[in-house]
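What follows is a set of notes on a single structure, which appears directly below.
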Amino acid sequence: WNIATVPNDGFMVQANYPGAFGANASDNDGWHLNSKWFNLDPQLEDYGDPTNAIAVPNRIISGDTFVMQEDGRYFLNQQHFVEAGGVLIIRPGVIVFGEPNPSPGVLAINRGGKIFAEGTADKPIIFTSMVQPGLRRRGDWGGFTVCGYAPTNKGKNVGVDGITGGAGFPEDGQFGANDLSGTENHDAGVIRFVRIEYAGIAIGAGNELNGLTLAGIGKDTEVDHILV
């Protein structure tokens, strides 16, 4: 791990481990620190030629299912949406490249859409930059957003920052309950053993896309082992 040296200011304490994990964290605790998923500095990782990747559909509509096949390479070149009733399945070992500005890649799961991104410790699902190894930077592409019907303190029908959607698609990027009842158990799917690299980009003042946004997803959604 590349652990930064902290200032000698009497306030911060130097550590030799990633802070969120603790000095005694181990694989026995389920952290999978020695797996292919756990990589805090993937700058030089070679994921193959992104020009050979497969384009993700702009929209996965109700009744449709799109499957990213195991070990496949795919790319996002705009804001892509899984609409209500649509399903996106991402198999273990998939690499998803996000294009940079002027049209940064974004994957957005709308309310009522489903995502099943189930990687494994040794075959994680990786969202990363299209930029070549050694030149990747934070903000190279947009990010990954999942919206749900669960009530939030933002109220009803709130829009996620940075999600622009399109004319005629008012549900794009909306989250929170419609009726504030019976929605706290909303199930947006499963996201497991996923790494999101070099994402997050400012659209304007106070308006930005984050690497990962979970907006109003209910407690039946399963999310674990995520690195951003």
Is it true that a side-chain atom of [X] and a backbone atom of [Y] form a donor plus acceptor pair closer than 3.5 Å?
{"X": "Lys114", "Y": "Asp187", "value": "yes"}
{"X": "Thr183", "Y": "His186", "value": "no"}
{"X": "Arg111", "Y": "Tyr149", "value": "no"}
{"X": "Thr152", "Y": "Gly216", "value": "no"}
{"X": "Asn39", "Y": "Asp41", "value": "yes"}
{"X": "Thr213", "Y": "Ala215", "value": "no"}
{"X": "Gln79", "Y": "Thr164", "value": "yes"}

When you compare the side chain of [Y] with that of [X], does any pair of heavy atoms fall below 4.5 Å?
{"X": "Glu197", "Y": "Glu45", "answer": "no"}
{"X": "Pro124", "Y": "Lys36", "answer": "yes"}
{"X": "Val67", "Y": "Arg91", "answer": "yes"}
{"X": "Ile60", "Y": "Val87", "answer": "no"}
{"X": "Val146", "Y": "Thr221", "answer": "no"}
{"X": "Trp141", "Y": "Val96", "answer": "no"}
{"X": "Tyr47", "Y": "Phe97", "answer": "yes"}
{"X": "Phe81", "Y": "Val106", "answer": "no"}

For this session: Say whether Ile191 and Phe38 are linked into one hydrophobic cluster, either directly or through other cluster members, by side-chain heavy-atom distances under 4.5 angstrom.
Result: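 No.
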Exercise. Is it true that Ile196 and Trp37 fall in one hydrophobic cluster, defined by side-chain heavy atoms closer than 4.5 Å?
Worked result: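 No; Trp37 is not reachable from Ile196 via cluster members.
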Between [X] and [Y], what is the shortest heavy-atom contact and its length?
{"X": "Glu184", "Y": "Ala150", "result": "CA-CB, 4.3 Å"}
{"X": "Ala199", "Y": "Gly143", "result": "CB-CA, 4.1 Å"}
{"X": "Met68", "Y": "Val94", "result": "O-CG2, 3.7 Å"}
{"X": "Glu83", "Y": "Ile61", "result": "OE1-CG2, 3.8 Å"}
{"X": "Asp140", "Y": "Leu135", "result": "OD2-O, 4.4 Å"}
{"X": "Pro104", "Y": "Gly142", "result": "CB-N, 3.7 Å"}

Measuring from [X]:[atom1] to [Y]:[atom2], what's the distance to the nearest 0.5 Å?
{"X": "His225", "Y": "Thr120", "atom1": "NE2", "atom2": "OG1", "result": "11.0 Å"}
{"X": "Ile201", "Y": "Arg138", "atom1": "CD1", "atom2": "CZ", "result": "11.5 Å"}
{"X": "Thr128", "Y": "Arg136", "atom1": "OG1", "atom2": "CZ", "result": "5.0 Å"}
{"X": "Gln43", "Y": "Gln132", "atom1": "CD", "atom2": "CD", "result": "10.0 Å"}
{"X": "Phe175", "Y": "Thr145", "atom1": "CZ", "atom2": "OG1", "result": "10.5 Å"}
{"X": "Glu118", "Y": "Ile90", "atom1": "CD", "atom2": "CD1", "result": "10.5 Å"}

Exercise. Does the pair Gln78 and Asn58 meet the rule for a side chain to side chain contact (heavy atoms under 4.5 Å, CB included), with working shown?
Worked result: CA-CA 8 Å; Gln78 57 186 317; Asn58 182 24; 3.6 Å; yes
For this session: Apply side chain to side chain contact (heavy atoms under 4.5 Å, CB included) to the pair Leu212 and Ile226, showing each step before the final yes or no.
Result: CA-CA 9 Å; Leu212 175 64; Ile226 311 297; 3.9 Å; yes
Exercise. When you look at CG of Asp224, are more than 12 heavy atoms from neighbouring residues, nucleotides or ligands closer to it than 6.0 Å?
Worked result: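 It does: Asp224 CG has more than 12 such atoms within range.
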Problem set entry | Verdict with supporting geometry, Gln174 and Phe169, side chain to side chain contact (heavy atoms under 4.5 Å, CB included) | CA-CA 10 Å; Gln174 296 290 299; Phe169 298 97; over 6 Å; no
Problem set entry | N-O pairing of Arg73 and Asp49 below 4.0 Å |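 Salt bridge flag = no for Asp49 with Arg73.
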Exercise. Using 30° and 60° as the class limits, which term best fits the ring planes of His32 and Phe193: parallel, tilted or perpendicular?
Worked result: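 Rings of His32 and Phe193: perpendicular, as their planes differ by over 60°.
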